[in-house]
Amino acid sequence: EMNRPRGDADPALPLEVPSLEVCLGQVWLRGASVHMKTVQYAGNLALAAGCLRALKGKDEADAPPPESLLDSVAAAAWASCKRSLQSAVFSGQLDHLLQHLTPMRLENAKSKETGERSSTALTCRMVQQMEEGFELPEVMCQAVNEAPELVRRGLTQAALRQAVEGLNTETMVETLTQRNAKDGSFGRMVLALEWQQVNVLDENTFEVPVAAAARSLSHPHPLMYLATSDECIFVVAIPWHGLAVKDEDFFTSVTYLLRDATPMEPCPISSVQ
């Protein structure tokens with residue numbers, strides 16, 4: 001046992017180093033029997049795109065086999081082609097059979113991009129990018145018939161449970177159950193990062209170096225990129241002094257600002273507080 005000399009005060013605790021914690025969640029319901037309030041925008045459109053893609057994937061998984069949707073003549077042709085291909089595979093004549101097939105071009109059912117800079121257009125574009133293989137980091141989206149149960153289980157996830165503490169999410173499952181929806185999707189993003197460099201000035205102030213700056217012709221202020229512990233993720237600080245942006249337009253405006261931005265060399269800003 002070690003005794004501390006009398007008269008010595010406890011050492012001062014070091015200041016806590018600030019970090020980054022991001023927690024976002026969205027619930028999408030279909031076929032609800034109870035009237036729900038209509039909103040003008042979906043908040044984070046990237047998360048909305050993930051939820052819509054999850055619902056589309058559920059529809060595709062639940063869809064009946066394609067041959068069951070054909071009429072009797074088309075179904076007979078389908079079965080004949082299927083048997084011929086199977087026979088060619090088993091007999092080793094598949095290459096010979098394919099040489100006699102004539103390809104046909106089908107009309108693309110997807111609508112062409114109009115260039116419209118709206119929340120809806122941006123969300124649809126994100127869904128299309130996901131279908132082409134683009135994935136959103138740290139985003140989890142699922143779609144099931146029992147949406148309330150999905151949300152209940154999702155909220156028990158360790159990282160999410162800690163992030164939503166004190167946000168009164170306990171009543172969410174009950175509210176969703178009352179909606180009596182046919183199905184739904186639950187998307188969530190939980191992100192915990194450290195600043196790559198940080199200087200704690202006092203208990204209320206800290207300073208972060210600016211890794212890079214950029215300028216957009218549609219915005220009067222520079223965009224400042226702040227590095228995090230993940231080399232692929234930056235926090236972009238965008239001043240909005242003197243500008244008015246509607247909530248429903250904010251995510252879209254920021255997205256196109258980042259797309260149109262060009263680097264400023266040399267970087268005119270060394271750090272932000």
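What you are looking at is a predicted structure, and each value in this text was computed from that prediction instead of being measured.
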Is there a chain of hydrophobic side chains (I, L, V, M, F, W, Y, each step under 4.5 Å between heavy atoms) that links L29 to V173?
-> yes
Decide whether L155 and V144 are clustered together by the hydrophobic rule: side chain heavy atoms of Ile, Leu, Val, Met, Phe, Trp, Tyr closer than 4.5 Å, transitively.
-> yes
Between the main-chain N or O of P220 and the side-chain N or O of R215, is there a donor-acceptor pair closer than 3.5 Å?
-> yes
Rounded to the nearest 0.5 Å, how far apart are CG of L191 and CG of L24?
-> 9.5 Å
Please check if the side chain of S87 supplies one atom and the backbone of R83 the other of a donor-acceptor pair under 3.5 Å.
-> no
Could you go step by step and tell me if I269 and M264 meet the side chain to side chain contact (heavy atoms under 4.5 Å, CB included) rule?
-> CA-CA 10 Å; I269 307 169; M264 300 176 67; over 6 Å; no
Taken to the nearest 0.5 Å, the spacing of R152 CZ from E146 CD works out to 11.5 Å
Is atom CD of E231 surrounded by more than 12 heavy atoms (other residues, nucleotides or ligands) closer than 6.0 Å?
-> no
Could you tell me the separation between the CG atom of L85 and the OG atom of S80, rounded to the nearest 0.5 Å?
-> 9.5 Å
Pair H221 + W240: ring centers closer than 6.0 Å | no
Please report the closest heavy-atom contact between L150 and Q142, naming both atoms and the distance.
-> CD2-O, 3.5 Å
In Å, rounded to the nearest 0.5 Å, how long is the span from CD of Q26 to CG of L47?
-> 4.5 Å
Which residues pass the ring pair (Phe, Tyr, Trp, His ring centres under 6.0 Å) test with F234, sequence neighbours left out?
-> none
Closest non-hydrogen atom pair between G154 and F186, with its separation = CA-CE2, 3.9 Å
If Ile, Leu, Val, Met, Phe, Trp and Tyr residues are connected whenever their side-chain heavy atoms lie under 4.5 Å apart, and connections chain through other members, are M140 and V27 in the same group?
-> no
Could you give the side-chain donor-acceptor pairs of residues 222-230 under 3.5 Å, partners two or more places apart or in another chain?
| unit_1 | atom_1 | unit_2 | atom_2 | d |
| --- | --- | --- | --- | --- |
| T228 | OG1 | D230 | N | 3.2 |
| T228 | OG1 | D230 | O | 3.1 |
| T228 | OG1 | I233 | O | 2.7 |
| S229 | OG | E194 | N | 3.1 |
| S229 | OG | E194 | O | 3.4 |
| D230 | OD1 | C232 | N | 2.9 |

Taking all non-hydrogen atoms of both residues into account, name the closest pair between L193 and S19 and its distance.
-> O-CB, 3.3 Å
Heavy-atom closest pair, residues A261 and A214 | CB-CB, 3.8 Å
Between V272 and L20, is there a shared hydrophobic cluster once you connect ILVMFWY residues whose side-chain heavy atoms come closer than 4.5 Å?
-> yes
Distance, nearest 0.5 Å, that separates CD of Q273 from CG of N199 | 8.5 Å
Closest non-hydrogen atoms of C51 and C141, given as atom of the first, atom of the second and distance, are N-SG, 3.7 Å
Report yes or no: does H96 contribute a side-chain atom to a donor-acceptor pair with the main-chain N or O of A88 at less than 3.5 Å?
-> no
Could you tell me which non-hydrogen atom of C267 sits nearest to which non-hydrogen atom of V210, and how far apart they are?
-> SG-CG1, 3.9 Å
Find out if a path of hydrophobic residues (ILVMFWY) with successive side-chain heavy-atom gaps under 4.5 Å connects V236 to F250.
-> yes
More than 12 heavy atoms of other residues, nucleotides or ligands under 6.0 Å from CG of L98: is that the case?
-> yes
Euclidean distance, S270 OG relative to E207 CD, rounded to 0.5 Å | 7.0 Å
